[in-house]
Amino acid sequence: MSSGSLQSIGMPEIEKNENQNRYNPAEIEPKWQARWDADPSLYAAEPHSSGKPKFYCLEMLPYPSGQLHIGHVRNYSIGDALARFMWMRGYNVLHPMGWDAFGLPAENAALKNNTPPREWTLRNIEQMKVQMRRIGLSYDWAGTEVTTCLPEYYRWNQWIFLKMVDAGLAYRKSSKVNWCPKCATVLANEQVIGGCCWRHEDTLVEQRELEQWFLRITKYADELLDDLDKLPGWPEKVRTMQRNWIGRSEGTHVAFAVAGESRKQETGNSKQEEQKITVFTTRVDTIFGATSIQLAPEHPLVKEWVKSDAELQKAVDEMIAQQKAARETGDIGNIEKHGVSTGKHAVNPFNGATLPIWVANYILADYGTGAIMSVPGHDERDFEFAQKYGLPVKRVIAPNLDTEEIGLPYTGEEEAVLVDSGEWTGEASLEAQDKMARYAEEHGFGEKTTTFRLKDWGVSRQRYWGTPIPMVYCLNGHEGVKPGGVVALPESALPVLLPEKIEITQEGGSPLGKVPEFVNTTCPVCGGPARRETDTMDTFVDSSWYFYRYTDAKNATAPFDSDKVNYWFPIDQYIGGVEHAILHLIYSRFWTKVMRDLGLIKNDEPVERLFTQGMVIKDGAKMSKSKGNVVSPDEMISRFGADAARTYALFAAPPDRDLDWQEDGVAGVSRFLARVYRLTSKFAPVVQEVEQTSPAANAVRSPADVALLRTLHQTIAKITEDFSGRWHFNTCIAAIMILVNEVSTAEPAMDAGEVSAATIAEIFHSLVLLLAPFAPFMTAELWEQMGGEGALLRQPWPEADAELARESEIEIPVQINGKLANVVKVSAESDEEAIKAVALADEKVIARLVGKTVVKIIVVKGRMVNLVVK
RNA sequence: GCCCGGAUGGUGAAAUCGGCAGACACAGCGGACUUAAAAUCCGCAGACCUUAACCGGUCGUGGGGGUUCAAGUCCCCCUCCGGGCACCA
């Protein structure tokens, strides 16, 4: 019995404490929530001069729908656990939160309830903030909160937009754009998912020709692609999706002259010029195999030719109509290839061959040049088309020169050579691509080129509830600006405020256009009458840089202070759903590069490490109102407490996997927390006593002490390691459960004084700290009960003592021919010989070896023994 | 069609480096406590065979093959489920 036993420090106190041991989250949680709310410095980041290493922990900001979703609870529980852990590890942590507060739902709500969008949104924010506080999330509200629909924020959208206009990165053009009839606005390409609106998964997007503002994201296409290699902390999946989205394709432009056609240049120059069709190909090495030219139905030349060819006009119109129909039934891409001959011909500049020109429905107008050379021998699609229309199929590539026959189409290129290709015959395919492109360049009919799938980002939205675009149209015009021409507002005119009084209707056209006080203004250059731009910005603009604003949320004279951004960036850990892999996450990367080139920041990339958590599902299906399987966080909290809901969200599955929400599971976690609470609360006076008297450190430890401390330190080591890499919080919590089960089993021994007070104190002290990132309310309460001072997240994280964690004796499985024969106990230090000896001396093993010959013995130190016998 | 995940007890899952498959929970079953129930505590629990019971045995990580003393883990082929892209020249 060691000197610091329970008796010696007073059992009566423990008895007295029993009635406090019942876990009651409904009492504890509001108590601590109120205390935390009263202390804005609790979660505040420290100044850069603190000397601590920084850690920027960020979760994706929510849209303020008014209701926190269980998926948010999961997302924020992950980030919160990490932030708290990092605080306890001594980091200066920035853990901000804000609101992605512009967007259509506010307008819809306005229509439905006759509530102004601003009022509706701000009320929702208050509601959700209450919910977030109830969950105990450690956000620095006072220091960081950003609400994107307030002019204090969106004026900087306008400010950056003006800088982009100056830099030629924002421009206005007329083009075909995606139109969602439900949103009654244009969408960017990234916001069209499978032909439907990202917000309305069952609403097909239409094509409309409109004049819109675009951001020149394509200028950064190469960098956005190449820098993906510099993001090892991002999931491979997200990087792959971005790579595919950017879709860089190296190829060649080749100009084919249209045979027998010539026209006068529109400039009035009398010089005759041939009509040309420029095609884009990645396989210029196959050009001797081209047997036709295929144009998209929307190709400019087709538009010209149909004017004098009624039959062609009809065929092309049908084609366009059919494409539209196919898009609407969702099987664009599967429609049968068909085409129509234009009756015209083009000349292959490499060999002078005359090729018929067709219009085909499988040629996309907005990719490449909208025209291709058709090589049926070496392209699946061209082959299919040629078969249907009896166009010749020519073989110009083969695995080697001697190949007699080869199935066509043959699309290999890495180990292929050219045949029947004039002077290039015999060249390796890849080399020929290079040489032939150079040949085309030298002879002025082609060039190497790179095509991207990525298109410029259309940011105009024909909606009210968004950032006004800070541009006007000067009605009379002035020097350098035509009447109605566009003029950028000066910085001093910012912010362009959204008018508050507005009638929202569902009719077409931008709602702002119906507010004369907003629309009518004066030209900042000539002072004449002007109209304001009435479209607003895509809400993805807001979320493209909000995390920079967090570092300096109240700055009234600049979007942020560059020093602050340079200190905090890049974001050390960003956590959110994978659904933003190519929306928010690509726009954010683009915005970062723009701001860097504007000299506002220094970093090339916003996010060092990205984590995409899995979905929360219920009964095997994604939660949705229509399925009636939606779990309400409020209900969970009122039934089990926030600590149980949070801990369950992390316990039920590793965070990257989908999580099946089971209420019985939450109840189970709640029981576990109650057990922890009862035990810890009961022994809290012991902890307090020990920590006040600080007894001799080198007290003698009983076997019970040693066993408990061993488990404790193994648990500390496991959790500490998991937090820094794997993030399998489910096994962390399981490890704490194992510890608690063992402590619980030892309770009679602790009561009987067989465990030293010092050990009891260490165990419960550490247990509370280990659980603090997961269950902040309960651990705060217990910390107080054991006389702890200050916030738990300012306490140092427990250190694992390898010496205490070490097992003295380990169990080694002994296999015979790979099958388990018995388990033997050996000292942890035993070498291979010693383990072998113990294994061979084991009775069960001996019994099984009767009549057999041991041919080989494999011993893996500390792990197992395998006897190979005959 | 292409690219990425995934498939382990009744359920969620664990096994981090090729070394005891199923940790930790949930649900279930049995018991203690209780007048009773709830709560709590203790115990059982992959399937099958054998046995009165113990003991013992066989099979087992979606399916089939392979490498290895040893495979949930590595290699090849296939099935199913989820996600992304999809006529991108």
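What's counted below: heavy atoms across the whole structure, side chains too, no hydrogens, waters or symmetry copies. Note on naming: letters A, B, ... go to the chains in the order of the sequence lines (proteins, then strands), and numbering restarts at 1 for each one. What you are looking at is a predicted structure, and each value in this text was computed from that prediction instead of being measured.
- When both distances must be under 3.5 Å, the Watson-Crick or G-U wobble mate of B/rG72 does not exist.
- Residue contacts for A/E721: at a heavy-atom cut-off of 4.0 Å it reaches a base atom on one of the strands shown.
- At the heavy-atom level, A/V868 lies under 4.0 Å from the strands shown only through sugar-phosphate atoms.
- With a 6.0 Å radius and a threshold of 12 heavy atoms from other residues, nucleotides or ligands, A/K388 has its NZ atom above the threshold.
- Among the protein residues, A/G668 comes within range of the sugar-phosphate backbone only, with heavy atoms under 4.0 Å from sugar or phosphate atoms but none that close to a base.
- Pairing for B/rG60 is absent, with no Watson-Crick or G-U wobble pair whose two atom distances lie under 3.5 Å.
- If you check B/rU11, B/rG84, B/rA89 against the side chain of A/F280, the one that comes closest is B/rA89.
- For the C1' atom pair drawn from B/rC54 and B/rG64, the interatomic distance equals 40 Å after rounding to whole Å.
- Base orientation of B/rG84: anti (glycosidic angle beyond 90° from 0).
- Closest to the side chain of A/K237, out of B/rC26, B/rG83, B/rC20, is B/rG83.
- Following rounding to the nearest Å, A/L364 (CG) and B/rA89 (P) show an atom-to-atom distance of 10 Å.
- In this structure, A/N348 contributes its side chain and A/I287 its backbone to a donor-acceptor pair below 3.5 Å.
- Here A/N817 lies out of heavy-atom contact (under 4.0 Å) with every strand.
- Glycosidic conformation of B/rC49: anti, with the torsion beyond 90° of 0.
- Among the atoms of the strands shown, only primed sugar atoms or phosphate atoms (P, OP1, OP2) are found under 4.0 Å from some heavy atom of A/D658.
- Distance A/L650 CG to B/rC24 C1': 15 Å, rounded to the nearest Å.
- At the heavy-atom level, A/Q815 lies under 4.0 Å from base atoms of the strands shown.
- Under 3.5 Å, the side chain of A/K819 and the base of B/rU58 form no donor-acceptor pair of N or O atoms.
- Protein atom CD of A/E747 is 14 Å distant from nucleotide atom C1' of B/rC42, rounded to whole Å.
- Not less than 6.0 angstrom separates the ring centroid of A/F445 from the ring centroid of A/F256.
- As rounded to the nearest Å, B/rA15 and B/rA25 have C1' atoms that lie 16 Å from one another.
- In this entry B/rG22 has no Watson-Crick or G-U wobble partner, no candidate having both defining distances under 3.5 Å.
- One cannot find a donor-acceptor pair under 3.5 Å joining the base of B/rC69 and the side-chain atoms of A/K856.
- As judged by a 4.0 angstrom heavy-atom cut-off over every strand, A/I857 is placed among residues making no nucleic acid contact.
- Residue contacts shown for A/R726 include a base, since a base heavy atom lies under 4.0 Å away.
- Remark: A/E807 CD is packed, more than 12 non-hydrogen atoms of other residues, nucleotides or ligands lying under 6.0 Å away.
- A donor-acceptor pair is defined here as one N or O able to donate and one able to accept, closer than 3.5 Å; such a pair exists between the side chain of A/R589 and the backbone of A/L224.
- Pairing for B/rG82 goes to B/rC4, judged as Watson-Crick or G-U wobble with the two contacts each under 3.5 Å.
- A/R848 comes within 4.0 angstrom of the backbone, heavy atoms only, and of no base.
- Here the separation of B/rC49 from B/rA36, taken at their P atoms, is 38 Å to the nearest Å.
- The 12-atom threshold is not exceeded at CD of A/E843, counting heavy atoms of other residues, nucleotides or ligands nearer than 6.0 Å.
- The separation between A/M615 atom CE and B/rG6 atom P is 15 Å, rounded to whole Å.
- Judged by a 6.0 Å distance limit and a 45° cone about the ring axis, A/K337 is not positioned over the six-membered ring of A/F385.
- Between B/rG10 and B/rG22, the distance separating the two C1' atoms is 14 Å to the nearest Å.
- Heavy atoms of A/M864 sit under 4.0 angstrom from at least one base atom.
- Of all nucleotides present, only B/rG31 satisfies the Watson-Crick or G-U wobble test against B/rC41, with each distance under 3.5 Å.
- Summarising the geometry, the separation between CD1 on A/I617 and P on B/rG83 is reported as 11 Å, rounded to the nearest angstrom.
- Judged by distance alone, with hydrogens and angles left aside, the side-chain atoms of A/D382 form a donor-acceptor pair with the main-chain N or O of A/V375 at under 3.5 Å.
- Among B/rC20, B/rG84, B/rA14, the nucleotide with an atom closest to any side-chain atom of A/V823 is B/rC20.
- Across B/rC85, B/rC24, B/rA14, the shortest atom-to-atom separation from the side chain of A/I582 is found for B/rC85.
- Checking the phosphate oxygens (OP1, OP2) of B/rC24, no side-chain nitrogen or oxygen of A/R675 falls inside 4.0 Å.
- Using the Watson-Crick or G-U wobble rule with both distances under 3.5 Å, B/rU67 pairs with nothing in any strand shown.
- The nearest heavy atom of RNA chain B to A/F651 and to A/N866 marks one nucleotide each, and the one closer to the 5' end goes with A/F651.
- Here the separation of B/rC77 from B/rC85, taken at their P atoms, is 27 Å to the nearest Å.
- Remark on RNA chain B: of its neighbouring residues A/D664 and A/L867, the 5'-side contact belongs to A/D664, judged by nearest-heavy-atom nucleotide.
- Between A/I363 atom CD1 and B/rC87 atom P there is a gap of 12 Å when expressed in whole angstrom units.
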